[in-house]
Amino acid sequence: MIYHFLSRIGVEKYLSSRYFSSWLILGIDALLSVFATFIAYLLVRGLFPNPVFTVEYGACLLAGSCLLSVISFVLFRTFRSIIRHSTLREIWKLGAAVLLKDVLVFAYVQLLPQSPLPPQTAIALGFMLDVLVTLFLLLALRLGMIILYDLLKLNRTRRANCRQVLVYGTGDKSGSLVTRLQNSPHYRVIGF
């Protein structure tokens with residue numbers, strides 16, 4: 001069932017190739033990184049009711065986070081990692097890219113024009129939250145991609161090894177036979 005859905009939306013072409021598009025991975029990584037910055041901003045804004053944390057400030061922060069995320073991911077080339085065979089080296093690069101992004105965002109926040117300065121504890125807490133949420137989301141994405149790839153490959157292999165069956169007739173007995181064969185790993189009904 002999941003195989004049919006994913007093949008209809010175009011995932012089938014990724015099964016035949018060995019790698020996902022690296023630019024797609026970079027885009028998803030950047031979106032997740034900006035989302036993590038947004039979550040950290042909302043948490044810090046809720047904990048520290050300070051007039052500095054306005055909507056305009058948040059928009060500048062997210063724009064800077066997007067640009068700096070792309071820069072740090074491109075510098076460490078985290079989007080070019082082979083997803084299927086991840087090693088500690090790729091995870092180290094991912095962690096280093098996230099730390100670089102957050103150090104750059106921290107410096108960027110210091111340069112933003114602010115009338116009352118935000119408390120340094122708020123900025124430090126936002127920095128730590130951003131690092132943790134970004135790392136969690138990026139590692140969860142990588143793990144989810146590996147699991148999805150394995151499931152799709154397993155389904156594809158099962159379907160390729162099944163005997164194709166034509167059912168003679170369209171009556172009640174043929175329908176019950178099709179129902180029974182749908183759950184069989186050995187047979188696949190291809191028509192009547």
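Just so it is clear, the structure is predicted and the values come from calculations on it, not from any experiment.
Under the 4.5 Å side-chain heavy-atom criterion for grouping Ile, Leu, Val, Met, Phe, Trp and Tyr, Tyr168 is not connected to Leu177 through any hydrophobic cluster. Linking ILVMFWY residues whenever their side-chain heavy atoms come closer than 4.5 Å, directly or via other members, leaves Val44 and Leu111 in distinct clusters. Side-chain heavy atoms closer than 4.5 Å link hydrophobic residues (I, L, V, M, F, W, Y) into clusters, and following such links, even through other members, never connects Val55 to Leu47. Linking Ile, Leu, Val, Met, Phe, Trp and Tyr residues whenever their side-chain heavy atoms come within less than 4.5 Å leaves Ile71 and Leu31 in two separate clusters.
In this structure, CZ in Phe48 is found 11.0 Å from CG in Leu43, a value given to the nearest 0.5 Å. Taking OH of Tyr57 as the start and CG of Leu62 as the end, the distance is 11.0 Å to the nearest 0.5 Å. Ile25 CD1 to Leu138 CG: the interatomic distance, rounded to the nearest 0.5 Å, is 10.5 Å. Ile28 CD1 to Ser33 OG: the interatomic distance, rounded to the nearest 0.5 Å, is 13.5 Å. For the atom pair CG (Leu132) and CD1 (Ile39), the distance works out to 13.5 Å, reported to the nearest 0.5 Å. In this structure, the separation between CG on Asp102 and OG1 on Thr37 is 6.5 Å, given to the nearest 0.5 Å.
Closest heavy-atom contact between Ala97 and Phe73: CB-CD2, 3.6 Å. Of all the heavy atoms in Phe127 and Val103, the pair that sits closest is CE1-N, 3.6 Å. The two residues Leu137 and Ala36 have their closest heavy-atom pair at CD1-CB, 4.2 Å. Across all their heavy atoms, Ala40 and Asp130 have their closest contact at CB-N, 3.8 Å. The two residues Lys93 and Arg77 make their nearest non-hydrogen contact at NZ-O, 4.5 Å.
Although no hydrogens or angles enter the test, the distance criterion places a donor-acceptor pair under 3.5 Å between the side chain of Thr179 and the main chain of Gly175. Looking only at distances, no side-chain donor or acceptor of Thr134 sits under 3.5 Å from a matching main-chain atom of Val131.
The local environment of OH in Tyr108 is crowded, with over 12 non-hydrogen atoms from other residues, nucleotides or ligands closer than 6.0 Å. Within a 6.0 Å radius of CZ in Phe38, other residues, nucleotides and ligands contribute 12 heavy atoms or fewer.
Applying the salt bridge (Lys or Arg N to Asp or Glu O under 4.0 Å) test to Asp29 and every residue at least two apart in sequence or in another chain returns Arg142.
Think of Leu166 as one node in a network of Ile, Leu, Val, Met, Phe, Trp and Tyr side chains linked at under 4.5 Å; its network also takes in Ile190.
Ring planes of Phe76 and Trp92: perpendicular class, angle over 60° (limits at 30 and 60°).
Within the 4.5 Å cutoff, no side-chain heavy atoms of Phe136 are placed close to those of Val133. Looking at Val178 and Val165, their side chains never come closer than 4.5 Å, going by heavy atoms from C-beta outward.
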